Amino acid sequence: MPELPEAETIARGLDLVLPGRTVRSVEVLRPDVVRGPPDEFAGAVSGRRIRDVGRRGKNIVLSLDLVRVVVNLGMTGRVLTSAGAHPDARSTHPAVVFHLEDGGRATYDDVRRFGMLSALGPRAWRRWTRSLGPEPLGRTFTAARLGEILAASRAPIRSLLLDQRRIAGVGNIYAVEALWAARIDPRTPARLLDPARVARLHRALRRVLRSAIAAGGTTLRNYRDASGEEGRFGRALRAYGRSGEPCVRCRAPVERIVFGGRSAFRCPRCQPGLPAR
DNA sequence: AGTGTATCCTGCAGGC
DNA sequence: TGCCTGCAGGATACAC
């Protein structure tokens with residue numbers, strides 16, 4: 001998807017313009033991106049005032065009176081706002097349109113429609129948010145906490161970082177980038193990382209996520225913020241998508257490896273695997 | 001508990 | 001230009 005930095009960027013943009021405004025009606029153009037019957041979704045949201053817009057993991061959370069709308073962006077989901085009532089030219093594949101009482105609109109747009117919008121009451125919200133791991137940029141996410149999570153798994157560290165139930169918000173790009181920065185082979189079994197590597201990974205993960213937020217996220221193809229702007233973190237990528245190019249740290253060619261059904265990238269020199277035995 | 005595979009869906013890049 | 005293949009920021013279900 002859009003990962004944590006992209007969701008954060010979109011949420012911040014929406015939080016500047018949506019709070020205090022009321023949803024008049026909801027138009028579900030693509031029922032497959034809404035959890036449950038479309039008319040129920042529309043009914044749960046229509047007439048309610050938006051209090052604020054935040055984020056949990058990779059998800060955008062619109063808090064309205066009595067209900068939260070959780071937007072999982074999938075691979076190509078976007079949330080675009082427009083002041084006027086005319087159709088938004090930036091919205092190429094509108095899936096759900098929130099019409100506001102003041103005539104404005106917020107559009108959920110998704111080329112591939114892997115995204116999902118849910119309207120959650122308080123109980124469902126608590127159940128859902130408890131099912132996700134800690135926020136990697138949260139105050140309680142210390143190196144010690146990360147160490148506990150890693151110690152409980154023999155999965156490759158890259159796979160663990162992608163597991164939303166263990167840590168919320170990290171996707172393939174930032175997992176690969178953090179592992180490059182921490183000089184750790186993505187295939188290393190999580191529980192085999194020593195305290196020094198855990199500390200490096202903790203620092204690298206938070207640094208990469210914060211830098212990406214500061215740059216407005218990473219646009220590879222489709223991603224745009226709430227105003228339709230591209231993210232600027234793409235040129236800061238050091239490993240992701242750079243197979244064959246020289247590592248910027250040591251000049252050895254970056255290699256692409258595939259496991260867990262997805263591409264990873266690593267520098268074979270500065271991210272050595274465990275010694276064979 | 002972990003892995004590999006398939007699925008949802010569309011668009012784009014590259015090879016021929 | 002067209003056709004084909006492979007690949008893509010994610011999540012989930014399945015068999016093994």
Side-chain angles (χ1 to χ4, degrees), chain A residues 1-11 29-35 55-60 70-79 91-96 108-118 128-129 131-133 136 149-180 186-192 205 208-209 211-213 215-225 229-244 255-265:
Chain A
M1 120 158 118
E3 309 181 25
L4 185 156
E6 292 74 35
E8 178 71 22
T9 301
I10 293 171
L29 282 60
R30 293 291 200 163
D32 53 351
V33 304
V34 166
R35 173 124 21 226
R55 175 193 62 75
R56 177 79 172 95
K58 304 173 182 178
N59 306 273
I60 294 161
V70 172
V71 182
N72 184 301
L73 298 160
M75 295 279 256
T76 53
R78 327 191 279 187
V79 182
S91 176
T92 55
H93 296 73
V96 177
Y108 178 69
D109 182 284
D110 193 344
V111 175
R112 291 171 72 182
R113 303 201 305 284
F114 287 178
M116 185 61 68
L117 279 64
S118 314
W128 176 78
T129 191
S131 74
L132 294 179
I149 294 169
L150 301 195
S153 172
R154 53 180 103 230
I157 180 61
R158 199 278 308 260
S159 302
L160 182 142
L161 290 173
L162 296 188
D163 185 346
Q164 302 300 298
R165 296 166 305 181
R166 300 202 240 220
I167 298 171
V170 182
N172 204 27
I173 292 182
Y174 300 111
V176 163
E177 289 299 304
L179 290 166
W180 179 87
R187 296 165 296 192
T188 312
R191 64 164 56 163
L192 297 189
L205 188 56
V208 165
L209 293 173
S211 303
I213 291 171
T218 302
T219 295
L220 293 185
R221 320 179 159 71
N222 195 263
Y223 164 75
R224 297 292 184 281
D225 73 12
E229 295 293 313
E230 298 191 356
R232 303 176 306 280
F233 197 69
R235 55 176 167 267
L237 297 178
R238 296 293 181 251
Y240 186 88
R242 298 181 60 116
S243 57
E255 68 175 10
R256 172 176 177 263
I257 52 183
V258 178
F259 65 97
R262 351 230 343 221
S263 296
F265 301 87

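Note that the coordinates shown come from a computational prediction; the quantities given were computed from them, not determined experimentally.
Within the model, atoms CG of L29(A) and NE2 of H93(A) stand 12.5 Å from one another, a figure rounded to the nearest 0.5 Å. Rounding to the nearest 0.5 Å gives a distance of 4.5 Å between CG of L73(A) and CD1 of I60(A).
Y174(A) comes within contact range of no nucleotide atom at all, as no heavy-atom separation falls under 4.0 Å. Contact annotation for D32(A): no contact, since no heavy-atom pair falls under 4.0 Å across all strands. Across all strands shown, R187(A) has no heavy atoms under 4.0 Å from either base or sugar-phosphate atoms.
With rounding to whole Å, L73(A) atom CG is found 10 Å from dA11(C) atom P. Atoms CG (N172(A)) and C1' (dA8(C)) sit 10 Å apart, rounded to a whole Å. Spacing between atom CD1 of I257(A) and atom P of dG4(B) amounts to 12 Å, rounded to whole angstrom units. Taking atom CZ on F259(A) and atom C1' on dG4(B), their separation rounds to 13 Å, with Å as the unit. Atom CZ of F114(A) is separated from atom P of dT10(B) by 9 Å (rounded to the nearest Å). In this structure, CD of E230(A) is placed 17 Å from P of dG9(C), rounded to the nearest angstrom. Between W128(A) atom CH2 and dA11(C) atom C1' the separation is 13 Å, expressed in whole Å. One can place CG of D163(A) at 13 Å from P of dA13(C), the figure rounded to the nearest angstrom.
The side chain of R221(A) places no N or O atom within less than 4.0 Å of a non-bridging phosphate oxygen (OP1 or OP2) of dC7(C). Put simply, S153(A) has a side-chain N or O that comes within less than 4.0 Å of OP1 or OP2 on dG2(B). Under 4.0 angstrom from either OP1 or OP2 of dT12(C) there lies no side-chain N or O belonging to R35(A). Note on H93(A): a side-chain N or O is less than 4.0 Å away from OP1 or OP2 of dG11(B). Contact between the side-chain N/O atoms of S263(A) and the OP1/OP2 oxygens of dA8(C) is found at a separation under 4.0 Å.
In this structure, the side chain of T9(A) does not engage the main chain of D225(A) through any donor-acceptor pair within 3.5 Å.
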* Structure fact -> Under the rule of Watson-Crick or G-U wobble with both distances under 3.5 Å, where | means paired to another strand and [ ] a crossing pair, DNA chain C maps to .|||||||.|||||||
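Each of R112(A) and R191(A) has a nearest nucleotide on DNA chain B; the 5'-most of these lies closest to R191(A).
Other residues, nucleotides and ligands contribute at most 12 non-hydrogen atoms within 6.0 Å of the CZ atom of R30(A).
In summary, R165(A) and D163(A) engage in a salt bridge, as defined by a charged side-chain N under 4.0 Å from a carboxylate O. Here R224(A) pairs with E230(A) in a salt bridge; the nearest charged N to carboxylate O distance falls below 4.0 Å.
Comparing the P positions of dT1(C) and dT10(B) gives a spacing of 24 Å, expressed to the nearest Å.
Tested against F265(A), the residues W180(A), F259(A), Y240(A) include a single ring pair (Phe, Tyr, Trp, His ring centres under 6.0 Å) partner, Y240(A).
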